[in-house]
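What you see is a predicted model, and the numbers here were worked out from it, not measured in a lab.
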Amino acid sequence: MSRPVTSLAILATRMGVASAAPPPPRLFLRSSSSPMNWYCRPCLKRHGFDSETSTSTSLPSSSRTTDSTLSTVLSLPTIRTLSPKAQALVPTWATSSSDLAQTTSRTDLGSPCLIDIGPRGGGGATAWQSGRGGRGRPRARERRAAMPKVLLGRSYAPLHNKVGHPECAERSHGIEKALDRAGLGHSLVELRPSRRRISEEAAQESILQVHSLGLVQGIRKICEGSSAGVPTLLDPDTYVTDMSFEEQIRGVTTALDVVDEVVGASDPDLTGFALVRPPGHHARRGQPMGFCLFNFVSIAARHAQRSHGLSRIAIFDFDVHHGNGTEEEFYDDPDVLYVSWHQQGLFPGTGRLGETGGEGAEGSNLNINLPSGSGREAMRLAFREVVEPAIRGWDPDMILCSAGYDAHFMDPQAELQAQSSDFHWIATELRGLALDLCDGRMVFVLEGGYNIEALGDSVVESLRGLAGLGSEAKYDSPHLYEEPLERIERAVAEAHGLLLKKADD
């Protein structure tokens, strides 16, 4: 049995990292007639909360809710954080299980404890986001009326293919097989050609916001000079075919169309996922590398800024490899936050802890170097202690995700131990952040993932998380190695220390 993860507040003290004690959670309530009923309880272990408490609890319909029965929903330490006046009010708001409409477990890093308890038809209390990362507006999750949907854009580049290469057309076949089995049609909205807005000319203009004209013209020329169906190597890892340039233009068009649809819908229940290949986050301004030709997520971020006026963008990259191209593109941009977790020492060898942003953009870049063997505990600790507070502190207008699935324990390209259901958890947490901070505006862009079965299962798990559905992971395992918790804690604490330094500055 693995030992519990040490509180980072304690660990930071051991390491000599200055860390002020987090303030106790506070309760902010506002009367309204919202039909949604949410409880948000802080779950960080450094506050003494049980982070493994079930997030959904049913009570007997005939029971009156008391402090003791509420403890089964919110956990006893949470009840004790409420003021006596608030504790006295709670039973008058929730009198049966029908009043307890929904619970959600959320991480809270010193922000107020937000709780909404009220009957389904109206009345009760509504939580408002307050503190760092909030704008004093009602959270989108309280306004939600419809079931969440995911806009799915596909551009699989079937003619960009090299048999036997890890990045091949078979990856898309694996995703499609998993989607067919999952039966998610009621939760997905297909991006159809008739709805697309971005022309090929506009897509090329958007590419030039991120890549040099020399790169674009060079890739086109090499593709035009290639024999039909015969791949040409640009470096030992990266290839093109005679159709790769056209396929990449279609991929960029798909990614930008998904962004346009999600932003234009102004619907907090709609997120997006651009299933494009090859991955893009290694592609630099003037250099393709690491299987990547054009940097889809960077192009999408610039498009959101330029075409929609969404100046503050947060990019979270959970691929097992560091997105060096994305980091370089935004390193000096004070309006774009780039957060990456990746396996330490893996290709391309970038993403060091001290890389925190260029002059005038300090704190806009954050890297978490996870040791080999990291898995579920590492990812949850890193997300709660670093990723979530960084994004909340940024208060973005939109969240973009470089969605790579090569951290899966079945993937041959790395040595991490993520399971398919971990990607469901990540998507669920990110969706909660998007609802809290930017009215649900969030788009995933596919990056890596090279075990075909694990890739398909993990993509479906992400879609289920974005759609508010439960996990049905097929490729989890109880037989993984014990995670190197001491090294994980140190790596996360170091990144956490940089976050605290940024807050102090």
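Checking S471 against E461 by side-chain atom types alone, a donor-acceptor pair falls below 3.5 Å. Of the N and O atoms on the side chains of E415 and Q343, at least one donor lies less than 3.5 Å from an acceptor on the other residue. Inspection of the H308 and D397 side chains reveals no N or O donor paired with an N or O acceptor under 3.5 Å. Side chain to side chain, R376 and S421 meet the donor-acceptor criterion of an N or O pair below 3.5 Å.
In this structure, CE on M289 lies 7.5 Å from CG on D235, to the nearest 0.5 angstrom. To the nearest 0.5 Å, atoms CZ (R302) and CG (L256) are separated by 13.5 Å. Here the CG-CG distance, from L184 to L152, works out to 9.5 Å after rounding to the nearest 0.5 Å. Rounding to the nearest 0.5 angstrom, the gap separating the NE2 atom in H160 from the NE2 atom in H165 is 7.5 Å. Separation of atoms CG (L191) and CG (L275) is listed at 11.0 Å; rounding is to 0.5 Å.
Here the side chains of T238 and L233 are not in contact, with every heavy-atom distance at 4.5 Å or above. Annotation: side chain of P158 is in contact with side chain of E247 (closest heavy-atom distance under 4.5 Å).
Below 30°, between 30° and 60°, or above 60°: for F444 and F273 the angle between ring planes is between 30° and 60°, a tilted geometry.
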(request) Apply salt bridge (charged side-chain N to carboxylate O under 4.0 Å, His left out) to the pair E486 and R490, showing each step before the final yes or no. (result) CA-CA 6 Å; E486 288 188 5; R490 178 169 292 275; over 6 Å; no
(message) Using ring pair (Phe, Tyr, Trp, His ring centres under 6.0 Å), reason through F318 and F316 one step at a time and then give a plain yes or no.
(response) CA-CA 6 Å; F318 57 81; F316 174 42; 5.8 Å; yes
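Between N365 and E355, the shortest heavy-atom distance links the atoms ND2-O, 2.9 Å.
The local environment of CD in E200 is sparse, with at most 12 non-hydrogen atoms from other residues, nucleotides or ligands closer than 6.0 Å.
A ring-centre distance under 6.0 Å is not found for H321 and H281.
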